[in-house]
Amino acid sequence: MSQKIQAVRGMNDVLPSDAPAWQRLHAVAAEVFAAYGYAEIRLPVVERSELFKRAVGEVTDVVEKEMYSFEDRGGERLSLRPELTAGVVRAGIEHGLFFNRQQRLWCSGPVFRYERPQAGRYRQFHQLDVEAFGIATPDLDVEIIALAEALFRRLGVGGFRLQLNSLGTPAVRAAYRAKLVDYLRRFESSLDEDSRRRLSTNPLRVLDSKVPGTRAILEGAPQLPDHLDAPSRAHFETVQRGLSDLGIAYALNPRLVRGLDYYTHTVFEWTSTALGAQDAVCAGGRYDGLVEQLGGPPTPGIGFAIGVERLVLLMRAQEVPLPEAGPQVYFCRFGERADPAAAQLAETLRRRLPGLRLLLNAGGGALKTQLRRADASGARYALILGDDEAAAGRVQVKSLRGEGEPRSVAVSELPAQLAELLELPLLS
RNA sequence: GUGGACGUAGCUCAGUUGGUUAGAGCUUCGGAUUGUGAUUCCGGAGGUCGUGGGUUCGAGUCCCAUCGUCCACCCCA
């Protein structure tokens with residue numbers, strides 16, 4: 001058993017039984033993104049390590065201890081991407097996508113973080129990412145949030161809690177940060193070890209500590225929303241009003257601080273209690289300084305990422321209906337004349353009945369065996385073509401689900417018969 | 001990186017205070033007369049008990065290590 005080569009820790013196979021949920025998610029996502037006017041961009045999985053250090057932040061956990069980094073044969077420092085936003089920004093700058101225009105983009109694929117796997121957390125996981133550039137006004141914040149909301153609704157998953165906060169501008173954040181540190185220093189000896197460490201590295205992160213003693217201290221801490229400057233406050237209020245106008249429910253969470261350094265102003269996160277400890281399904285925010293920081297023209301931006309595995313988990317938990325994917329028809333064939341005749345007929349049926357899912361028996365087997373396979377395949381009908389039928393120019397159509405007796409149909413009539421039975425369009 | 005639980009057939013599990021050739025259900029394959037499935041009956045296949053050491057006359061059962069899975073912390077989608 002241990003001799004067998006197995007998947008790398010934290011990197012999972014999506015087996016055929018799970019694939020339909022993934023397909024459904026991506027199909028609905030592509031539709032919704034298109035409906036809002038977002039265009040797809042596809043990116044390499046590997047980028048220069050430098051990109052993530054500059055975009056995500058040098059001292060964040062994601063780049064500090066979770067990146068898969070290596071040197072290629074030419075000595076370049078490269079990393080498997082730990083998130084998608086940095087790559088989208090890099091590509092946009094590189095191809096001049098941000099010069100004097102707005103861009104609405106989406107992107108999806110695997111990302112990699114070296115963490116201990118647990119429920120809803122893997123070393124290779126997948127994100128659906130939406131990003132919009134060149135629009136600084138709060139109406140775009142509302143659009144982005146509404147877009148995610150629409151995706152969940154179209155997919156048929158619910159029970160989320162949308163949390164909202166504003167981090168303001170970098171200046172606001174710096175000023176607040178100083179106040180927070182001042183306050184926390186007074187209780188330093190009562191803080192838990194992690195929070196004490198963060199006090200010097202990333203004090204805002206202390207805010208979402210789960211340690212009870214620390215939480216108690218935080219009760220009296222200065223609140224970030226109280227320190228917003230007038231423009232930031234106005235921006236945030238407009239976002240809230242816009243969401244209310246659209247009937248989107250949200251909860252303000254002054255402690256919501258995202259773990260990536262590039263966020264400014266609006267940040268948001270959808271969580272679900274059905275997921276265990278890793279409860280964030282979708283999270284994002286505004287990052288107005290990022291494009292410039294990576295060498296592009298000053299360009300406001302905002303985006304979010306959805307955790308595909310987590311959303312698929314919810315789809316399964318909430319039993320989201322999935323389209324039938326198995327064969328509708330299983331074609332049994334046996335005999336010297338019948339075998340090639342059946343192969344040809346199968347091609348004809350697939351061509352004339354678009355959408356038909358027909359599985360042609362292969363590998364021989366007695367009729368009994370073939371019918372057993374037909375039943376196991378989940379097909380609704382079996383077609384039976386032996387030498388007797390071949391000689392007569394007919395095919396037996398047999399219901400596998402108790403819908404009437406088998407009947408013999410002339411080959412010439414078969415396409416029309418199947419079209420009617422399966423309610424499929426028929427081409428000439 | 002830290003902590004806890006767990007690793008027995010493809011799957012879900014049983015396996016008595018350590019005692020002879022390790023079991024069940026499901027799945028799978030074959031058969032129950034010639035070309036008719038899913039029900040029923042009969043039969044077969046499938047495990048060096050995660051791996052490596054150790055204790056013992058004897059280990060799936062005890063000890064150690066290691067790998068892996070799950071859950072939580074940390075962090076995050």
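Residue numbers begin at 1 in each chain, while the letters A, B, ... track the order of the sequences. This is a predicted model, so every value here is computed, not measured.
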Whole-Å distance, A:Arg121 CZ to B:rC76 P, equals 10 Å

So CG of A:Leu383 and CD of A:Gln417: to nearest 0.5 Å the spacing works out to 11.0 Å

Here the distance between atom C1' of B:rA72 and atom CD of A:Glu115, to the nearest Å, is 14 Å

Among the nucleotides B:rC76, B:rG37, B:rA77, whichever has the atom closest to the side chain of A:Tyr122 is B:rA77

Practice prompt. Return the orientation label for the A:Tyr183 and A:Phe187 ring planes: parallel under 30°, perpendicular over 60°, tilted otherwise.
Written response: tilted

Stem ranges of RNA chain B by first residue number, counting only runs of at least 3 Watson-Crick or G-U pairs under 3.5 Å, come to B:1-7 with B:67-73, B:10-13 with B:23-26, B:28-32 with B:40-44, B:50-54 with B:62-66

For this session: State whether the aromatic ring of A:Phe334 stacks on the base of B:rG35, taking stacking to mean ring centres under 5.5 Å apart and ring planes under 30° to each other.
Result: no

Paired with A:Glu115, the salt bridge (charged side-chain N to carboxylate O under 4.0 Å, His left out) test is passed by just one of A:Lys65, A:Arg9, A:Arg123, A:Arg121, namely A:Arg121

Using the 3.5 Å cut-off, write out each protein N or O paired with an N or O of nucleotides 27-32 of chain B and the distance between them.
none

*asked:* Quick test of your reading of the model: are A:Arg153 and A:Glu149 salt-bridged, counting only N-O distances below 4.0 Å?
replied: no

- prompt: Does A:Arg116 have a side-chain nitrogen or oxygen under 4.0 Å from the phosphate oxygens OP1 or OP2 of B:rC74?
  reply: no

Between CG of A:Asp375 and C1' of B:rU39 the distance, given in whole Å, is 11 Å

Rounded to whole Å, the CG-P distance (A:Asn361 to B:rG37) equals 15 Å

- Going by modelled atom types, is there a donor-acceptor pair between the base of B:rG1 and the side chain of A:Glu66 at under 3.5 Å? no

For A:Ala305, which contact category applies under a 4.0 Å heavy-atom criterion: base, sugar-phosphate, or nothing? sugar-phosphate

Query - A:Glu50 and A:Lys53 ion-paired at < 4.0 Å - result: no

Exercise. Less than 4.0 Å between a side-chain N and a carboxylate O, is that true for A:Asp18 and A:Arg316?
Worked result: yes

Query raised in the report: Using a cut-off of less than 4.0 Å, is there contact between a side-chain N or O of A:Gln118 and OP1 or OP2 of B:rC70?
Result: no

Give a yes or no on whether a salt bridge exists between A:Asp375 and A:Arg401, defined as a side-chain N under 4.0 angstrom from a carboxylate O. yes

query = Does any N or O donor sit under 3.5 Å from an N or O acceptor when you compare the side chain of A:Gln396 with the base of B:rU36?
reply = yes

Using the ring of each side chain (for Trp, its six-membered ring), is A:Tyr287 parallel, tilted or perpendicular to A:Tyr262, with breaks at 30° and 60°?
perpendicular

Separation of B:rU36 atom C1' from A:Leu383 atom CG, nearest Å, is 14 Å

Closest to the side chain of A:Arg310, out of B:rC74, B:rU36, B:rA77, is B:rA77

Notebook entry, point to check: Is A:Glu143 salt-bridged to A:Arg104, cutoff N-O under 4.0 Å?
Noted result: yes

Taking for A:Ile384 and for A:Gly307 the nucleotide of RNA chain B with the nearest heavy atom, the one nearer the 5' end belongs to A:Ile384

Per atom distances to the A:Phe125 side chain, the nearest of B:rU69, B:rA77, B:rG37 is B:rA77

